[in-house]
Amino acid sequence: MTDARPEAEVITPSQTVGPFFAYCLTPQDYGGDPLCDGMIADEGAPGTRIRIEGAVYDGNGDPVPDAMVEAWQADAEGRFAGRDAAPSNARFRGIGRCESRQDGSFRFETVKPGSVPGPDGTPQAPHINLNVFAKGLLRHLFTRIYFADEPANAADPILGLVDPDLRYTLIARPAPDAPGLYRFDIRLQGKDETVFFEA
Amino acid sequence: MTDYPTESLAAHPPYLFPDYVATRLRAPSRPLVIIPQTLTEIAGPVFGQAHVRPGDSDLTRQHAGTPLGERIMVRGRVLDENSRPVPDTLIEIWQANAAGRYVHVVDRHDAPLDPNFTGAGRAVTDSDGWYEFVTIRPGCYPVPGLNNVWRPAHIHMSLFGPSFLTRLVTQMYFPGDPLFPYDPIFMSVPDERARMRMVSSLDMAMTRSEWALCYRFDIVLRGREASLFEEPHHD
Ligand SMILES: [Fe+2]
């Protein structure tokens, strides 16, 4: 059926997360027990351990000190948490959540994701989905992290939909002197503006 | 593989809404790139009963004493756009106290903190999508740095739903608030019906006599196209 859905209800609209979410959503500084944090995969989860460090910037290039970044990814074998109860992967959470610091910075620790099937079964290059929330974002922003050292990027069906001149905004780059560390900044607006998606 | 119709996204506010000043430097300037829904988007984190402790849904009992203000219940269902309940899904809420002050260190509003109220809670929907919180009716508060801009009373809510695509952060408002037309965040939602989705209603049937008013608030998430996966019922 491809007809319109006469009975579909209007969904609840998004509203900004505002500036005051931290004591609920990222409550570490308030002595709270966070639902999830920057650790997407615990020590011992199978796969290549990596860290991702970056910062969120606004249209003036100033750091955004009150953003929340959520990450969602497959494990090293391309499986999603909750979908495959393989006990070998009990240390893989798949979800991460960070509040940006005063300098806009956030940091995730995880394993390099494996390949996940894309449209029509074509493989996707390893990627991490991000949702960005902040005061001034009436609706969260969805983007993806890809990895500069992945040859599979060239054939990735999602990257292929992005203007070739803008794909660099989606690529995390290995830090020169720190094995396993990647840098990925999120620029909400203006120069080097990150590509954001809708699905 | 389009599982979640995208038409329903029209309910959301635009990124740039100049009346809400903070959008001016944070809204992206280029249009979103539309992509197909792959397994990464269809899958999503599973948070349920294991992530809620007893008492997390009663914000009036998190300290030694009773918070000041009007005790209320907030109760409703999480549904998808096809009116199917969303079971076992986590709701996180946060709010100001009765005086309109948040516990957050950045909140400098000249109103008292309440040592008996933090204003953060969690609940998980039951098998029929129902959830319930007990809390204090939040006060309205002025937006710092702006001339006479006040937020209507609201409770922030964060939900995951079954998929990466159903993620929602929204705000619940109270019926008949005279501040609605002056609030750029509320007014950023262009469609009147969608705006009213964010307004709770007084539920006298669930109000507990001599104890607390109940506000009903149903939350509607994106839902998968019904005809794509529903099997005929054989029972
Ligand atoms: Fe608020």
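Chain letters run A, B, ... following the sequence lines, proteins first, then strands; residues in each count from 1.
- Counting non-hydrogen atoms of other residues, nucleotides and ligands closer than 6.0 Å to CZ of B:Arg30 gives a total above 12.
- The closest donor-acceptor contact from the side chain of A:Glu9 to the backbone of B:Ser83 lies at 3.5 Å or more, if one exists at all.
- Within a 6.0 Å radius of CG in B:Asp110, other residues, nucleotides and ligands contribute 12 heavy atoms or fewer.
- Side chains of A:Leu35 and B:Arg122 form a contact here, defined as non-hydrogen atoms less than 4.5 Å apart.
- For A:Ala22, the parts lying near chain B are the backbone and the side chain together; criterion is any non-hydrogen pair under 4.5 Å.
- Using cut-offs of 30° and 60° on the angle between ring planes, the pair B:His104 and A:Phe20 is tilted.
- Checking side-chain atoms of A:Gln189 against main-chain N and O of B:Ala27 turns up a donor-acceptor pair under 3.5 Å.
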Worksheet entry | Derivation of the side chain to side chain contact (heavy atoms under 4.5 Å, CB included) call for A:Phe21 and B:Val169 | CA-CA 11 Å; A:Phe21 61 82; B:Val169 171; over 6 Å; no
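- Distance CD/A:Gln73 to OG1/B:Thr40: 10.0 Å, rounded to 0.5 Å.
- A salt bridge links A:Asp66 with B:Arg26: at least one charged nitrogen is closer than 4.0 Å to a carboxylate oxygen.
- The minimum heavy-atom distance linking A:Phe196 with B:Pro28 is given by the pair CD1-CB, 3.9 Å.
- With hydrogens and angles disregarded, no donor-acceptor distance shorter than 3.5 Å links the side chain of A:Thr12 to the backbone of B:Arg197.
- Looking at heavy atoms from C-beta onward, B:Ile185 lies in side-chain contact with A:Gln15 at the 4.5 angstrom threshold.
- Contacts from residues 15-25 of chain B to chain A, taken as heavy-atom pairs separated by less than 4.5 Å, involve B:Tyr15, B:Phe17, B:Tyr20, B:Ala22, B:Thr23, B:Arg24, B:Leu25 in sequence order.
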| query | Checking side chain to side chain contact (heavy atoms under 4.5 Å, CB included) for the pair A:Leu138/B:His12: CA distance, chi angles, key distance, verdict? | reply | CA-CA 8 Å; A:Leu138 285 162; B:His12 290 312; over 6 Å; no
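- Although no hydrogens or angles enter the test, the distance criterion places a donor-acceptor pair under 3.5 Å between the side chain of B:Thr170 and the main chain of A:Pro13.
- In terms of heavy atoms, B:Phe47 sits closest to A:Cys36 at CZ-SG, 4.2 Å.
- Top candidate by heavy-atom pairs under 4.5 Å with chain B, chosen from A:Thr194, A:Leu137, A:Val64, A:Val132, is A:Val64.
- Closest heavy-atom contact between A:Ala199 and B:Thr6: C-CG2, 4.0 Å.
- Both the backbone and the side chain of A:Val195 come within contact range of chain B, judged by heavy atoms closer than 4.5 Å.
- Minimum interatomic distance between B:Gln95 and A:Tyr23 (heavy atoms only, all atoms of both residues): O-OH, 2.7 Å.
- Of the residues considered (A:Asp29, A:Asn129, A:Asn131, A:Asp58), A:Asn129 shows the highest number of contacts with chain B, using heavy-atom pairs under 4.5 Å.
- Counting heavy-atom pairs closer than 4.5 Å to chain A, the top-ranked of the candidates B:Val105, B:Asp80, B:Leu221, B:Asp218 is B:Val105.
- Looking at A:Gln124 and B:Thr38, their side chains do bring a donor and an acceptor atom within 3.5 Å of each other.
- Using a 4.5 Å heavy-atom threshold, the side chains of A:Phe142 and B:Leu32 count as separate.
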Side chain to side chain contact (heavy atoms under 4.5 Å, CB included) between B:Met196 and A:Val10, intermediate numbers included:
CA-CA 10 Å; B:Met196 295 317 286; A:Val10 176; over 6 Å; no
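- Most heavy-atom pairs under 4.5 Å with chain A: of the set B:Leu90, B:Ile219, B:Val106, B:Ile34, this distinction falls to B:Ile34.
- Counting heavy atoms of neighbouring residues, nucleotides and ligands inside a 6.0 Å radius, atom OH of A:Tyr30 exceeds 12 of them.
- Contact of B:Leu165 with chain A is made through the side chain alone, with heavy-atom distances under 4.5 Å.
- Atom-to-atom distance recorded for A:Leu25:CG and B:Ile93:CD1 is 11.0 Å, nearest 0.5 angstrom.
- Between A:Ile158 and B:Pro36 there is a side-chain heavy-atom pair separated by less than 4.5 Å.
- For the set A:Asp62, A:Leu141, A:Val162, the count of heavy-atom pairs under 4.5 angstrom toward chain B peaks at A:Leu141.
- For B:Ser158, the part lying near chain A is the side chain, with the backbone staying farther off; criterion is any non-hydrogen pair under 4.5 Å.
- No part of A:Tyr57 comes within reach of chain B, as not one of its non-hydrogen atoms sits under 4.5 angstrom from that chain.
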- Can A:Glu198 and B:Leu9 be said to form a side chain to side chain contact (heavy atoms under 4.5 Å, CB included), step by step? CA-CA 9 Å; A:Glu198 178 171 282; B:Leu9 295 172; 3.6 Å; yes
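- Contact of B:Val189 with chain A is made through the side chain alone, with heavy-atom distances under 4.5 Å.
- Between the B:Gln171 side chain and the A:Thr16 main chain, a donor and an acceptor come within less than 3.5 Å of each other.
- The minimum heavy-atom distance linking A:Cys24 with B:Ala120 is given by the pair CB-CB, 3.9 Å.
- When heavy atoms are compared at a cutoff of 4.5 Å, A:Pro19 approaches chain B solely by way of its backbone atoms N, CA, C and O.
- Heavy atoms closer than 4.5 Å to chain B are found in the side chain of A:Arg144, but not in its backbone.
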